[in-house]
Amino acid sequence: MLSPDFREEMTALRQVERLGFSAADVRHIVLTHLDFDHAGGLDDFPHARVHMLQQERDYALQQKTWLDRQRFRPRQWSTRGNWIVYPSRVGEPRFGFDAVRQLQGLPPEILFVPLPGHTHGHAGVAIQHGGGWLLQAGDAYFWHEEMDWRIRAARPACACTRR
Ligand SMILES: [Zn+2]
């Protein structure tokens with residue numbers, strides 16, 4: 001359904017290596033959520049601390065439904081001992097969001113922004129860059145037109161139905 005690209009050179013590890021670094025150089029991973037297509041490469045970075053919202057970890061670990069067991073795959077989580085979790089509702093109001101927070105061991109230019117919905121503990125990552133802020137929104141939305149209120153008002157539909 002998602003048509004993932006299975007070429008090894010597309011893995012995060014190979015892309016990091018192409019930049020001249022090794023897996024051991026990766027010390028922090030800020031994870032938006034634990035869907036298999038986002039968490040599948042965690043085991044390639046055994047020395048990294050993995051930051052995520054507590055609600056994401058707790059819900060994924062429950063493996064409640066058939067769908068949960070398809071999307072959250074514990075066999076991808078051998079680095080679980082390196083996970084650092086944060087309460088979802090603790091943080092400061094910022095950028096119009098309720099609970100934006102800093103992450104342990106990371107500079108204040110990298111912030112966690114809870115964006116629940118796609119998963120229970122889904123989060124975005126705000127990164128200060130070039131005098132402004134970028135938001136890595138994970139799977140909070142799938143198509144840029146979803147963020148344009150004029151288009152959304154005219155054609156309210158999930159982007160996944162237009163693919
Ligand atoms: Zn997802």
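Heavy-atom basis, side chains included; hydrogens, waters and symmetry copies ignored. Ligands are counted one by one from 1 in listed order, and the atoms in each one are counted from 1 as well.
By the 30° and 60° cut-offs, the orientation of the rings of His33 relative to His122 is tilted.
Residues that satisfy the side chain to side chain contact (heavy atoms under 4.5 Å, CB included) test with Arg73, not counting sequence neighbours, are Phe36, Arg75, Gln76.
For the Zn ion (ligand 1), the set of nearby N, O or S atoms under 2.8 Å includes one belonging to His118. The Zn ion (ligand 1) has an N, O or S atom of Asp139 closer than 2.8 Å. The distance from the Zn ion (ligand 1) to the nearest N/O/S atom of His33 is under 2.8 Å.
Within Asp35, the N, O or S atom lying nearest to the Zn ion (ligand 1) carries the name OD2.
Placement of Met52 and Phe72 within a single hydrophobic cluster is found when ILVMFWY residues are connected by side-chain heavy-atom separations under 4.5 Å, directly or transitively.
A salt bridge links Arg7 with Glu9: at least one charged nitrogen is closer than 4.0 Å to a carboxylate oxygen.
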